[in-house]
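Bear in mind the structure is a predicted one, so any value in this text is a computation, not a measurement. For ligands, and for the atoms within them, numbers begin at 1 and follow the listed sequence.
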Amino acid sequence: MERIFLSPPHMSGDELQLIHKVFESNYIAPLGEYVAKFENSIKNYTKTENALALNSGTSAIHLALRVLGVKADDYVLASTFTFIGSVAPILYQNAKPIFIDSDESWNLSPKLLKEFLEKWDKKMPKALIVTHLYGQMAKIDEIAEICKSYNIALIEDSAESLGASLGNQQSGTFGDFGIFSFNGNKILTTSGGGMLVGKSEELIEKAKFLSTQAKEDFLHYEHKEFGYNYRMSNVLASIGVAQMGVLNERVEKRREIFQRYFENLQDIVDFMPEISGSKGNRWLTTIIFRDDTDIMKIIDRFSSEGIESRPLWKPMHQQPLFADSISYTDGTSEKLFRSGLCLPSGTAMTMEQVDRVSNILKEELS
Ligand SMILES: Cc1ncc(COP(=O)(O)O)c(C=O)c1O
C-alpha cells in the first residue's frame with residue numbers, strides 16, 4: 001500500500017545538479033557562493049533587505065532574541081497555539097514567556113494581546129513572537145500596531161508560512177524580524193535549515209557574527225562574548241536555491257489540495273480560515289470537527305490505511321514544561337486542540353489521494 005505522509009520533502013529536480021557543483025568546487029562547508037545565493041533569493045522573494053541563512057528556524061528565533069538583548073528575567077510574549085521551536089529560545093535566554101491565546105483566525109488574538117497589555121503592571125515585555133500557523137496569516141498589521149504602541153519588538157515566526165502574504169506584503173516582513181524554517185516537513189526544505197530576515201542591517205550583521213562563534217577579527221580567534229555554531233552549510237544552501245525555484249508552484253499546489261479537501265468535506269467539518277486580504281500557503285490543511293469526535297480513533301484508522309495524520313498543536317500553556325508560566329487565554333486554542341486534525345498535504349500528492357483521504361474521513365464520520 002502506498003504510504004501518504006503528512007508533508008514529506010518534495011524536490012524540484014534541480015537539487016542534485018547544484019549539489020554536484022558544490023562538490024566540484026569543494027566548498028562543501030562551511031560557507032560558499034550558494035549561501036549568499038540562497039539569502040539573495042529569499043531577499044528578492046520577500047522584498048527584505050537583510051537575510052541570514054542558518055541551520056534551523058529555532059536558531060533564527062534564538063538569534064533574534066539575543067540581538068534584541070532579551071536576557072534573564074525579561075518577559076517575551078508569544079502565541080500559545082504554536083510549535084515548541086517557536087518558544088524554546090525564550091528559555092535558552094532564561095527569559096519568561098507569556099502566552100497569548102488565539103481568536104477565530106486560530107492565530108494570536110490582537111484583542112487579547114491588547115487587553116493583556118492594558119492590565120500588565122510589571123516590567124514591559126521586550127518582544128512578541130507571533131506564529132503564522134499552518135501557513136495562514138495572523139492579523140499581523142493589527143498586532144504590529146499594538147507592538148509599536150508599547151515599544152515591543154516583533155518577531156514573526158513564519159517557519160510554516162513562507163510564500164503567504166497579507167495585502168502585497170510577504171509573511172516575515174512585517175516585524176523587526178521574521179524567521180523561516182526549511183525543516184524536512186516544510187513547504188520548501190533543505191533537509192534542515194532556517195533563515196532570519198530583518199529590517200536592521202546592523203542587527204542581522206550582529207546575528208551573523210553570533211552564528212559563527214562570535215570570532216573577533218583576529219587570525220587567532222579572539223572572543224569577547226560567546227556565540228553559536230548556527231550557520232547553514234553551502235551544500236544545504238544549494239538545495240535551498242533549487243527549492244526557491246518552485247516556491248510559487250508549491251504554494252499553488254498546497255492551495256489546490258486545500259480546495260479539494262474543502263469541496264469534499266465542507267458539509268461535515270470546518271477548516272482553518274484565511275483572514276480578509278490575506279493569501280495563506282495552506283502548508284497543512286487543518287480541520288475541526290463539529291461534534292465530539294474521538295480524534296485518536298480517526299488517526300488510528302488513517303494509520304491502518306497507510307495515511308499519516310496528526311492532532312493540532314497542543315497549546316504551550318497546556319504543556320507540562322510551561323505549567324508555571326504566565327498565560328492569557330480564553331479557551332480558544334484548547335478547544336481547537338481538542339477538536340482538530342492535520343490532514344496530509346504534501347505537494348506531491350495527487351487529487352486521487354486527496355479524495356481517498358476525504359472518503360475515509362467521510363466514512364468515519366458517517
Ligand atoms: C511554528 C514553528 N516554529 C518554529 C519551528 C522551528 O523550525 P526548525 O525545525 O527549523 O528549527 C517550526 C518547525 O519545525 C514551526 O513549525
Side-chain angles (χ1 to χ4, degrees), residues 5-9 38 42 51-66 76-93 97 99-100 102 105-108 127-138 140 143 154-164 171-172 174-175 177-197 207 211 228-233 236-237 239-240 243 254 272 280-286 308 310-317 319 321-322 333 336-337 340 342 345-346:
F5 291 102
L6 204 60
S7 181
F38 190 27
I42 286 284
L52 181 67
L54 298 164
N55 62 359
S56 75
T58 308
S59 42
I61 294 177
H62 186 201
L63 285 174
L65 293 178
R66 175 86 193 261
V76 177
L77 295 150
S79 303
T80 192
F81 198 37
T82 191
F83 173 67
I84 185 69
S86 189
V87 295
I90 301 171
L91 303 186
Y92 302 172
Q93 289 303 101
F99 297 113
I100 305 291
S102 305
S105 71
W106 297 27
N107 279 310
L108 185 135
L128 165 70
I129 305 167
V130 57
T131 302
H132 301 289
L133 207 64
Y134 301 124
Q136 298 302 102
M137 293 297 291
I140 193 67
I143 292 166
L154 177 58
I155 302 168
E156 284 177 83
D157 180 345
S158 302
E160 302 171 358
S161 64
L162 177 63
S171 172
F174 290 79
F177 291 101
I179 75 98
F180 301 108
S181 166
F182 306 103
N183 185 32
N185 62 3
K186 295 299 183 286
I187 191 159
L188 301 187
T189 183
T190 56
S191 78
M195 189 78 69
L196 177 67
V197 296
S211 73
Y228 314 91
N229 187 3
Y230 276 175
R231 200 76 158 108
M232 180 179 273
S233 87
L236 300 195
I239 302 175
Q243 287 270 283
R254 297 247 177 196
M272 183 173 186
N281 71 14
R282 291 286 180 194
W283 171 55
L284 293 183
T285 291
T286 46
E308 188 186 14
R310 197 178 284 268
L312 301 183
W313 302 130
K314 180 173 182 177
M316 289 301 125
H317 72 272
Q319 300 284 355
L321 173 65
F322 294 116
S333 58
L336 287 166
F337 171 57
C342 303
S345 310

Distance-only N or O hit between ligand 1 and T82, under 3.5 Å
no

Starting from atom 12 (C) of ligand 1, which protein heavy atom do you reach first, and at what distance in Å?
F83 CD2, 3.4 Å

Distance-only polar pair, side chains of S211 and R66, donor-acceptor under 3.5 Å
no

Can you pull out the closest protein heavy atom to atom 6 (C) of ligand 1? Residue, atom name and distance to 0.1 Å, please.
T58 OG1, 3.4 Å

Looking only at protein heavy atoms, which one is nearest to atom 13 (C) of ligand 1, and how far off is it?
K186 NZ, 2.7 Å

Considering only heavy atoms from C-beta outward, does the side chain of N229 approach that of N55 to under 4.5 Å?
no

Regarding T131 and S86, is there a side-chain donor-to-acceptor distance under 3.5 Å anywhere?
yes

Nitrogen or oxygen of G57 less than 3.5 angstrom from that of ligand 1:
yes

Could you check whether any heavy atom of A60 sits closer than 4.0 Å to an atom of ligand 1, since that is the contact criterion I want to use?
no

What's the spacing between T189 OG1 and I239 CD1 if we round to 0.5 Å?
7.5 Å

What atoms in ligand 1 come closer than 4.0 Å to a heavy atom of A159?
2 (C), 3 (N), 4 (C), 5 (C), 12 (C), 15 (C)

Using 30° and 60° as the class limits, which term best fits the ring planes of F81 and W106: parallel, tilted or perpendicular?
tilted

Under 4.0 Å from any heavy atom of S181, which atoms of ligand 1 are there?
7 (O), 8 (P), 9 (O), 10 (O)

Checking heavy atoms under 4.0 Å, the part of S56 that sits near ligand 1 is both

With atoms numbered from 1 as shown, which atoms in ligand 1 lie under 4.0 angstrom from a non-hydrogen atom of T131?
1 (C)

Tell me: protein heavy atom nearest atom 16 (O) of ligand 1, and distance?
E160 OE2, 2.6 Å

